[in-house]
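First the structure, in the form of structure tokens, and then the observations on it.
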Amino acid sequence: MIPYKKNYSTRKKRSQTLLFALFSLMSYSVIGILVLILGFIIVKGIGVINWEFISTAPEEGMTKGGIFPAIVGTFYLIIGSALFAFPVGIMSGIYMNEYAPKGKVVQFIRMMTNNLSGIPSIVFGLFGMALFVNTLGFGDSILAGSLTLGLLCLPLVIRTTEEALKAIPDSYREGSYALGATKLQTVQRIILPMGMPNIITGLILSVGRVSGETAPILFTCAAYFLPHLPNSVLDQCMALPYHLYVIATSGTNIEAQLPIAYGTALVLILIILIVNLLANVLRRYFDRKVKTN
Amino acid sequence: MRKPFERIIERLFACSGYITSVVIILIVVFLFREAFGLFKSPAVEEGYTIALNKNNKVSEDQFHAQTLKLVFDSEITNWSKLGGKDEEILLFRLDDITNYYSEDELGSDLENVPVCINRLVDSMPGIIAFIPKLYVASNFKGRLIEDVAITPADFLAGKEWYPTSTPSAQFGLLPLITGTLWVSLFAILFALPFGLAVSIYMAEIAPMKIRNIMKPMIELLAGIPSVVYGFFGLVVIVPFIQKIFHLPVGESGLAGSLVLAIMALPTIITVSEDAIRNCPRSMREASLALGASHWQTINRVVLPHSFSGITSAIVLGIGRAIGETMAVLMVTGNAAVIPTSLLEPLRTIPATIAAELGEAPAGGAHYQALFMLGVVLFFITLTINLAVERITKQQKS
């Protein structure tokens, strides 16, 4: 920060103070919106959440009971998309930073990755339906949903991996080569372990993204209501965000469903809060570790 | 032993390096494959046909989805409007048959219906009949309008989105795209002052400590799922708007814009804050050395310097808003009309896809039209991304 001089003429000073006060006011009001949304859902939802709510299935047309199948479904989708997107995304990031010829190739891949991350989630949903559900014949299933969600969070994984590897100074690579290590050994023993903390932060954030997405699973996986848990990857499953959408907008008894909607929203918010907190704590912890080293 | 193994692994890295490109190509291919049939599918409802009197010389090109709708809505009432003779148009749907023939004439099992229709079409010069193909007699004396497909003009310039309309389903893009642009633009108008203020505050004014607290909170704002925003909008913003403006329903373009504004904020803030931070220290110092105040430096040096970065922030924000599905679906009321006021319900492209794809039978015209909407959406966002790419490249050079 540049130390700004404080003794301007009073008129200049007054208008500046006024403007800066306005800016800070607007900033706090944005934070206020966040606090309002979180606070509203926490206050309304906290009374609904208890062990029974988390561990039982919906009953009586979703007006009673819990959201256990939706939690399990979201969990399956997270695992499924992670199994696909994490290895592929990390490998892609490694290729971009370590192997690909610098210049045009990297630029092209980066452009495509940016484009992919800008595509709306509903288009992923359409694509997943056309490719996984219809063409490959997976039907509405956890498999189709996970793959669609995996594609959606792929750019995030790739970008964080690339950023993480870019931050590692070249001297480490050179040191490793000087000891006679091959390129793969260098990547495997030096580059990946050093970049891992930042990569993990990205992975955690992408889990957060996957757990909240609705549009991609609308036509590839999500079930309105299932009396039992899915048995295989080719079964449909319920999912938290879709469940919230369903009970907030349709149903026979909106009044009775509302508390359950608040509870579901709170569970979703809690997942996002935990994910963000974890990512921040990790980031700070590793930053400090790097500094003390 | 090690060498071939290494080579395989390296190949694997390279393959995954290109996965995003492959996915984009696949998306284009599959969206087009599903959508393309739209312009081959019949403009008239499946299993039905349009029949005219044999002396009616109106050209077949006139009978596309939009005109059929106008004719059957009695908005066009004379054949001269379609380039025919000056003659009243007489609408005939199957239900109308009892106006012309008694039940005895139709037969107890309706076995005489084809004969009756045949006679009717033959005797009325101004008739246009919308009848099931089943009831077209083998010696039909009228003129059948068949193989009329939905045209690109019906889709691109159609003013109505009404997939269940008979005799001709309406897949007009205009109300949806104006709805989409309408909410997105207003969302950016609402979000921009706040987004700029926050990014200037965070990059220039706030002490490090406050910035370190605000940054994760903005990230959190970006992390909240869109259904939660939609739900919040539904239970808080919608009733609020309804009360303040005394509306019959609170679901409106305004509710959508407000929710989208909140959702676009994190994108605008992060991108423009980065741009502001990238202004070199030497430029600020030069400005301060000339006696400029802090605000003058921000206003005349830092902001102009980061102009292209802020532009890409705005464009990215618009892109985010255009593609947003669930929140908009929940709060805008989903009326497919060309919006004239922010306080009316409207409907966006993503919301239409999300709401209707579930009930559109796969492979039908409706299904194909929804995929065509996906294609439109894909190209809008692709254009936006390429524009941002271009702007940032200019900034660097």
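Just so we're on the same page: letters track the sequence lines, and every chain starts at 1. Since we're looking at a predicted model, the values are computed, not measured.
Per-residue counts of heavy-atom pairs under 4.5 Å with chain A were compared for B/I19, B/L373, B/L234, B/L220; the largest is that of B/L220. Ranking A/A261, A/S121, A/P155, A/G208 against chain B, the residue ahead of the rest is A/A261, based on heavy-atom pairs under 4.5 Å. Annotation: maximal heavy-atom pairing with chain A below 4.5 Å, among B/L377, B/L370, B/L357, B/N299, occurs at B/L357. Taking B/G319, B/A197, B/G323 one by one and counting their heavy-atom pairs under 4.5 Å with chain A, the maximum is reached by B/A197.
Put simply, the side chain of B/P225 reaches to within 4.5 Å of the side chain of A/I272, judged on heavy atoms. Within the 4.5 Å cutoff, side-chain heavy atoms of B/L221 are placed close to those of A/V30. Between A/L116 and B/I27 the shortest side-chain heavy-atom distance falls below 4.5 Å. For the pair A/L184/B/F13, a side-chain contact is recorded, criterion being any heavy-atom separation below 4.5 Å from C-beta on. Residues B/V236 and A/L36 have side chains not in contact (no heavy-atom distance under 4.5 Å, counting atoms from C-beta outward).
Proximity to chain B involves both the backbone and the side chain of A/L126, based on heavy atoms less than 4.5 angstrom apart. Within the 4.5 angstrom heavy-atom criterion, atoms from both the backbone and the side chain of A/M111 approach chain B. In this structure, the portion of A/I269 lying under 4.5 Å from any heavy atom of chain B is its side chain and not its backbone. Neither the backbone nor the side chain of A/L277 comes within contact range of chain B; no heavy atom of the residue lies under 4.5 Å from a heavy atom of that chain. At a 4.5 Å heavy-atom cutoff, A/V275 makes no contact with chain B through either its backbone or its side chain. For B/I384, no part lies near chain A; criterion is any non-hydrogen pair under 4.5 Å. Both the backbone and the side chain of A/L131 come within contact range of chain B, each with at least one heavy atom under 4.5 Å from a heavy atom of that chain. Both the backbone and the side chain of B/I224 have a heavy atom closer than 4.5 Å to some heavy atom of chain A. Only the side chain of A/L268 has a heavy atom closer than 4.5 Å to any heavy atom of chain B. Interface remark: B/Y367 contributes side-chain atoms only to the contact with chain A (heavy atom separation under 4.5 Å). Only the side chain of A/I158 comes within contact range of chain B, judged by heavy atoms closer than 4.5 Å. At a 4.5 Å heavy-atom cutoff, A/A100 makes no contact with chain B through either its backbone or its side chain. Only the side chain of A/S29 comes within less than 4.5 Å of a heavy atom of chain B; its backbone N, CA, C and O stay farther away. Within the 4.5 angstrom heavy-atom criterion, only side-chain atoms of B/L31, from C-beta onward, approach chain A. The contact between A/N280 and chain B is made entirely by side chain atoms (from C-beta outward), counting heavy-atom distances below 4.5 Å. Looking at A/N115, both its backbone and its side chain come within 4.5 Å of chain B, counting heavy atoms on both sides. At a 4.5 Å heavy-atom cutoff, A/Y242 makes no contact with chain B through either its backbone or its side chain. When heavy atoms are compared at a cutoff of 4.5 Å, A/I109 approaches chain B by way of both its backbone and its side chain.
Within the 3.5 Å criterion, the main-chain N or O of B/W295 finds a donor-acceptor partner in the side chain of A/Q16.
Taking both residues in full, the closest heavy atoms of A/G212 and B/V227 are given as O-CG2, 4.1 Å, listed atom of the first, atom of the second, then distance. Contact detail for B/G17 and A/S92: the closest heavy-atom pair is CA-OG, 3.5 Å.
Contacts of residues 21-28 of chain A with chain B at a heavy-atom distance below 4.5 Å involve A/F23, A/S24, A/M26, A/S27, A/Y28, listed in sequence order. Residues of residues 325-333 of chain B lying under 4.5 angstrom from chain A, judged on non-hydrogen atoms, are B/T325, B/M326, B/L329, B/M330 in numerical order.
At a threshold of 4.0 Å, the pair B/E219-A/R283 counts as salt-bridged, since one of the basic side-chain nitrogens sits closer than that to a carboxylate oxygen.
Taking the ring centroids of B/F231 and A/Y245, they lie at or beyond the 6.0 Å cut-off.
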